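This is a predicted model, so every value here is computed, not measured.
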Amino acid sequence: MDDRHTFDDARGWHAFLSDAYRGGWHWDNPSSPTLGTARLYGYELRRTESGREVAVEVPRGTERTYLVPWQGEQPADFRRRRHLAFYANITEPVVDAYADAVAPGVSRELGDLGPYLRDLDGEGLRWPEHVAVVARQMAIHGALAVIIEPPRANAATTREEEIAARVSVRARVVPPTAWAWMKFDDAGLAEFAYADAPVVDETRQTQAVTIWRYTRDAWERHVVSLGSSQGVGEATLSTPLSTGPHAVPGRVPVVFATHRRDPLSRAPSGRSLAATPAAIGRQVYQLLSQVEDTQRRAPPFLSVPTTARGGLEPEVDLRVGPGTALPAPEGAGSPSWVTFPPDSLTDLRTHALFLIALAYRTAGLEVQADQSAQTQSGEALRVRSRDFEARAQQFARDLQAYEQRALALVADILGVDLDTAEVTLTYPKRFVLDDPAEALAKATLLLTQLGDRLGETGTTLAIRQAISAALALDDETLAKVVEQIDASQPAAQE
């Protein structure tokens with residue numbers, strides 16, 4: 001077992017990254033058994049040996065949440081704050097910015113492999129959609145594994161029968177939350193094992209886990225029982241419940257996708273684009289919960305001058321509402337509102353906005369105030385490109401490297417010579433996140449200043465950018481509009 005590369009220590013962190021990206025129910029019900037467990041503490045008076053009473057911190061239980069309790073916060077107060085807390089998801093826009101900038105722009109011809117890449121999950125997932133899934137998971141975790149193998153049942157006897165029956169290889173995406181272990185030798189990867197559940201909770205007393213093990217010769221399915229605090233990487237395997245050979249003997253049918261792979265790590269490890277936004281998003285979550293909790297605890301109330309002793313006159317109390325006013329000495333002036341000082345809450349909101357801008361800036365993006373909306377809101381924000389293009393180019397290179405390796409494995413499984421299979425991949429080279437108003441202004445200026453000197457291709461591209469910025473159209477509709485404009489130009493010139 002010493003030669004295993006296990007991943008139990010990092011499992012909770014990757015589960016946190018996944019929850020931060022998905023937000024909603026997943027954030028409110030953490031799958032990370034480490035970062036997602038808040039420990040509550042309170043204080044009790046204890047008497048020392050000298051007879052002096054001191055306040056001692058004592059545990060008050062745990063809550064599954066990414067919210068952090070204040071020191072000495074009572075369990076009931078913490079639960080109330082947790083239920084009112086709002087998670088502003090700043091991780092999803094960062095991940096989607098890179099994945100959506102690269103994956104949809106790929107032009108590919110799959111040639112002889114195409115007929116076998118039309119149903120990768122048994123539910124109709126096609127190859128371009130699979131690559132888009134890989135792009136998102138690579139952006140979230142920095143690395144992931146994909147197991148590629150033929151379907152277990154295939155009644156066809158010829159290539160023509162397979163194509164007619166829509167027989168497809170299978171591609172199973174395995175994020176690091178499910179990795180169990182790997183083994184390496186001088187020839188490279190010798191064994192890969194993962195848990196069937198996407199997240200394995202090592203804090204539970206006992207749990208049954210299905211483990212899939214792939215070697216260079218076969219695959220195996222095991223069900224193991226993990227004891228208290230036992231990591232899945234420590235599982236002991238016995239006789240498999242099922243096993244069989246795979247289609248490429250001598251090779252583990254796993255392809256890894258990594259973004260900026262760490263060359264010092266034998267096991268695949270990359271740079272997560274979600275790590276910093278997720279960590280900062282948790283801080284923003286904590287700050288906004290403090291604002292909400294403070295406003296709930298300190299609502300405005302009336303100060304009412306009165307001659308009554310021990311409270312307000314009954315008729316006054318009836319008019320303003322029981323418990324919503326405070327009696328003041330007679331002669332204190334007219335009734336007035338008493339509110340919590342707003343400066344501290346303003347500081348918290350300002351710091352939250354600073355953290356959000358910092359998260360985008362460290363991700364190669366930038367959040368700026370929208371000057372056109374200043375008269376309506378001083379907090380109107382927009383995301384702009386900073387050094388996004390350079391980072392997106394590296395992300396595209398890493399995704400293309402995965403796709404090339406994956407298609408090579410598919411070709412080996414099918415027994416097809418990849419050099420003659422007529423497979424081509426063309427990844428985009430430029431990645432720009434223009435603000436729509438700026439994109440429209442640039443295109444309009446170009447058409448105005450250069451006119452016919454742009455040439456036919458340049459004019460078409462400028463018109464396309466202008467229309468895309470001015471109208472919310474899908475790619476197919478946009479192409480039709482540009483085509484109609486192109487078709488009308490010769491007639492207009494005549």
Side-chain angles (χ1 to χ4, degrees), residues 12-13 15-32 34-42 57 60 62-97 140 272-300 339-370 373-374 377-384 386:
W13 171 247
F16 165 68
L17 296 180
S18 179
D19 289 343
Y21 172 75
R22 293 188 290 179
W25 187 91
H26 302 281
W27 180 267
D28 292 336
N29 299 271
S31 55
S32 173
T34 50
L35 293 172
T37 301
R39 290 169 173 80
L40 302 173
Y41 294 89
E57 192 175 57
R60 298 291 193 193
T62 61
E63 292 280 336
R64 289 304 300 271
T65 177
Y66 288 120
L67 200 64
V68 180
W70 310 123
Q71 188 174 11
E73 187 173 17
Q74 294 299 313
D77 293 334
F78 178 71
R79 293 188 189 101
R80 188 178 296 110
R81 181 162 67 93
R82 174 194 169 191
H83 292 321
L84 294 174
F86 168 73
Y87 172 61
N89 192 337
I90 59 179
T91 304
E92 183 181 22
V94 172
V95 170
D96 288 354
I140 294 170
S272 167
L273 296 175
T276 298
I280 291 178
R282 192 183 185 193
Q283 292 188 39
V284 173
Y285 181 56
Q286 183 80 0
L287 289 173
L288 294 182
S289 78
Q290 182 177 352
V291 172
E292 181 66 30
D293 189 59
T294 301
Q295 290 180 319
R296 180 191 62 80
R297 287 171 174 268
T339 61
F340 184 85
D343 292 346
S344 61
L345 298 184
T346 301
D347 289 343
L348 289 174
R349 293 191 184 98
T350 301
H351 187 53
L353 288 176
F354 163 76
L355 289 175
I356 291 173
L358 179 64
Y360 286 119
R361 193 173 300 120
T362 56
L365 307 172
E366 187 174 6
V367 176
Q368 292 185 342
D370 188 347
Q374 288 301 303
S377 170
E379 296 180 355
L381 301 176
R382 58 178 176 170
V383 178
R384 299 187 62 192
R386 193 174 177 85

Q: Test your reading of the model: is there a side-chain donor-acceptor pair from Asn29 to the backbone of Trp25, 3.5 Å cut-off?
A: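 Yes: the side chain of Asn29 pairs with the backbone of Trp25.
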Q: For Leu35 and Tyr66, which heavy atoms make the closest approach, and how far apart are they?
A: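 Closest approach of Leu35 to Tyr66, heavy atoms only: O-CD2, 3.5 Å.
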Q: Which residues pass the salt bridge (charged side-chain N to carboxylate O under 4.0 Å, His left out) test with Arg39, sequence neighbours left out?
A: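 None.
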Q: State, to 0.1 Å, how close Pro69 and Leu40 come at their nearest heavy-atom pair, and which atoms those are.
A: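 Taking every non-hydrogen atom into account, CB-CD2, 3.5 Å.
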Q: Nearest heavy-atom pair of Ala278 and Phe16: which atoms, and what distance?
A: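 Between these two residues, the closest heavy atoms are O-CZ, 3.5 Å.
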Q: Does Glu92 reach the main-chain N or O of Arg22 with its side chain, forming a donor-acceptor pair under 3.5 Å?
A: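 A pair under 3.5 Å: no.
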Q: Do Trp70 and Phe78 have ring centroids that are under 6.0 Å from one another?
A: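 Between Phe78 and Trp70, the centre distance exceeds or equals 6.0 Å.
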Q: Please answer whether the main-chain N or O of Ile140 pairs with a side-chain N or O of Ser272 as donor and acceptor at a distance below 3.5 Å.
A: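 Yes.
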Q: For Tyr21 and Asp96, run side-chain hydrogen bond (donor to acceptor under 3.5 Å, both in side chains): C-alpha distance rounded to whole Å, both residues' side-chain angles, the deciding distance at 0.1 Å, then the answer.
A: CA-CA 10 Å; Tyr21 172 75; Asp96 288 354; 2.8 Å; yes
Q: Restricting to pairs with a member in residues 272-291, which pass salt bridge (charged side-chain N to carboxylate O under 4.0 Å, His left out), not counting sequence neighbours?
A: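 Checked against salt bridge (charged side-chain N to carboxylate O under 4.0 Å, His left out) - neighbours excluded - no pair reaches residues 272-291.
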Q: Show, in sequence, the C-alpha distance, side-chain angles and deciding distance for Val291 and Leu287, and conclude whether the side-chain contact (heavy atoms from CB on, under 4.5 Å) test is met.
A: CA-CA 6 Å; Val291 172; Leu287 289 173; 5.8 Å; no
Q: Mind checking salt bridge (charged side-chain N to carboxylate O under 4.0 Å, His left out) for Glu63 and listing every partner two or more places apart, or none if nothing turns up?
A: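 Listed in chain order: Arg79, Arg82.
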Q: Working to the nearest 0.5 angstrom, can you tell me the gap between Leu288 CG and Gln283 CD?
A: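 It is 11.5 Å, given to the nearest 0.5 Å.
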Q: With rounding to the nearest 0.5 Å, note down the distance linking CG in Leu365 to CD1 in Ile90.
A: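 Going from CG on Leu365 over to CD1 on Ile90, the span is 11.5 Å.
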Q: Please check: side-chain N/O of Ser32 versus main-chain N/O of Gly12, any donor-acceptor pairing under 3.5 Å?
A: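 Between the backbone of Gly12 and the side chain of Ser32 there is a qualifying donor-acceptor contact (under 3.5 Å).
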Q: Charged N to carboxylate O below 4.0 Å: is that the case for Glu73 and Arg81?
A: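 Here Glu73 pairs with Arg81 in a salt bridge, since their nearest N and O are under 4.0 Å apart.
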Q: From Tyr360 OH over to Thr276 OG1, what is the distance, rounded to the nearest 0.5 angstrom?
A: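 It is 13.5 Å, given to the nearest 0.5 Å.
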Q: A side-chain contact here means heavy atoms from C-beta on lying under 4.5 Å apart; do Asp293 and Leu84 qualify?
A: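 Asp293 does not reach Leu84 side chain to side chain.
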